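The first residue in the sequence is number 1, and the count goes up from there. This is a predicted model, so every value here is computed, not measured.
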Amino acid sequence: MTRGESRKLRWRLTLGLELLTSVLAVPLAVLFIIAAGAYDFNKAIALIGASTVSLTTSYFFPTLRFLYLGKLLSNLEPNNWEKLNTKGKVEVKKKLLDFPLLNTGFYIVQWSYGIPTAWKIMHFFFIPEFFESAPFLLLPLIIYPTLGISHFFLTESVLSEVLESDKLNGLPLEEKDIRKVSIFVRIISTIASIALLPVVIFGYLLVEETSGWLKLGDVTLALSLTILFMVITLTISSYLLASSIRRNSKNMMNAFVEMSQGELDILLPMVSTDELGRSSKMLNDFVKRLRIVVKTVIKESEKLSQSSKVLEERTKDLSIKMQEQAASTEQMSSGVEEIAASIQSTSSRAESQSDTVEQASASLAELEDRIRNVHTSLMDTKNDAERMRLETSNGESALQSTRDAMAEIESNTAKMEASVNVIHEITDRIGLLSLNAAIEAARAGEAGKGFAVVAQEISKLGEQTQENAKRIRTTLAEAVKATNSGREVLGNTEVAFRRIGDTAQNTSERILQVSSLSESQLVASAQVKNAFSELIRSAEEIRNHTKEQSQTSLEFSKTIGSISEATEFLNGIVNDIDSLAEKLANQASSLKKEVEFFKT
């Protein structure tokens, strides 16, 4: 509130209160005194003048009220308001709520000063008689109640604008710090003041009329005006009471309307100290608490909704797991029965295992003898393989000598082929010589006929020699070819002998390895024989253990059956929990929707 707004509000309150005093209360008091005291015109004018002077001088007290209220409202100016702590702000609100009651003191002091002052000033104009002064004594009964009620309600109405401001509306105020003026007191006071006013006025006039002090016909005009102002005063007092109740009722009705629409972010102003005004504080506390509760319910409903969904999912998973567990339990039960049967079968086999192991031990002894025989045979085979290797080595030496002889034959054959070539050349020359001789014999004629025969024979001999040379060349070629084939055969034979030698060597080495293995087998067979002895003893233990396991498996099978029944029972419970979780999720969603109606 700015300084200008404060001044405007104070002037409005002061003018309103002084209008009630000057326009209603003072005229009513003057008219009552004139009518009850039977004042004539001059005395009435004197009374009006004295009342005017008294009223004017009594404005000192409203001025004090104006200044005090200004000092109180100055705390609401922005600069001063920020300097106040919470306690100081609450104190300002408390004083504003108490101000309508405090104002009662101002107007009582004002009228307590004004009535005697007016009576004394009137003495400057005339000296009133007892019956002319007696009405002054009744003025407190006439004016104080109605004017006090009017001042109280008007002050409360004007200051309600300040109390409804955002600065003061949200300030907490303790119940013990409030000076309460209940509705009962307000209504009774208003009714009493309304009832007292005509009773006092008309009662006093009636007493004067019956006692003969006054003839009412002489004051008809004043009495009529008195009744008129009395009615106006009573109407205004009733209106101000109704306005006070209506203002609080309207604020509450607006609050209830907003609450019915789900709006909880409301703050009802406290503008009076009666039950309705204090109820606004209680309603604010209730709405504040309800807002906290609604927020908590909304938050918890969200958590409940999420938790119920998680619970629903978990129960579904648990239901599936329980079904799987039930199936697994059934499989386990079947498996245990099979294990029991297997254990019994194992027990039977364990009983026959001892005999089998003894037979195996005898077979092992026989095997050991055979291994020794094999070892002896292997040693003989090793000696034979060694002799074969020596014979193969001798064969390789003989083949080497044959190869050398074949090489010498091939060399001689090559020389013979060269000689055949020389013979072939000679036959070619003989052919040429015989041809030349024939030619020369033909030239000699008869003398050369004998020479021609010789030349012809020489030619035939050359041809035969050439044919024989060809046969020899062919034979030599075949001999060379045969020699090459023989050499290849010798090479292959030498490779075969070498392979036979290598094979004999490898055979000898492997026989040595097999011999070593046979010796190892002899050692291993002795170890196996010892192991078979241990195996016989273990077979006895296994037979005893399998009997115990058979009994244990039977008991375990019974336990599995009990677990299977319990699992089926738990599965039914989990299904019920699943249904409840689903219902809980739906209820949580429904609760959340319902609570979300409220706006916090």
Quiz question: by atom type and distance under 3.5 Å, do the side chains of [X] and [Y] form a donor-acceptor pair?
X	Y	value
Tyr239	Ser150	no
Thr57	Tyr113	yes
Ser22	Tyr59	yes

Discussion item. With a 6.0 Å cut-off (strictly less than), is the heavy-atom count around CZ of Phe60, excluding the residue itself, greater than 12?
Written reply: no
Worksheet item: For atom CZ of Phe126, is the number of surrounding heavy atoms from other residues, nucleotides or ligands below 6.0 Å larger than 12?
Response: yes
Has [X] got a side-chain atom pairing as donor or acceptor with [Y]'s backbone, closer than 3.5 angstrom?
X	Y	answer
Thr155	Pro100	no
Thr190	Arg186	yes
Ser51	Leu47	yes

Worksheet item: Between Phe99 and Lys94, does a side chain to side chain contact (heavy atoms under 4.5 Å, CB included) hold up when you go through it step by step?
Response: CA-CA 9 Å; Phe99 189 80; Lys94 178 177 174 298; over 6 Å; no
Item to complete: Assess whether side-chain hydrogen bond (donor to acceptor under 3.5 Å, both in side chains) is satisfied between Tyr144 and Thr104, documenting all intermediate values.
Response: CA-CA 9 Å; Tyr144 283 12; Thr104 304; over 6 Å; no
Under a 4.0 Å threshold between the charged nitrogen and the carboxylate oxygen, would [Y] count as salt-bridged to [X]?
X	Y	value
Lys43	Glu129	no
Lys89	Glu82	no
Glu5	Arg10	no

Worksheet, complete the sentence: To the nearest 0.5 Å, atom OG1 of Thr146 lies from atom CG of Leu28 at 7.0 Å
Worksheet item: Run the salt bridge (Lys or Arg N to Asp or Glu O under 4.0 Å) check on Arg12 and Glu161 step by step: do they pass?
Response: CA-CA 12 Å; Arg12 184 152 59 89; Glu161 299 177 7; 2.7 Å; yes
Worksheet entry | Smallest separation among heavy atoms of Ser74 and Asn80, with atom names | O-ND2, 2.9 Å
Discussion item. Could you report the tightest heavy-atom contact between Leu69 and Leu13, atom names first, then the distance?
Written reply: CD2-CD2, 3.5 Å
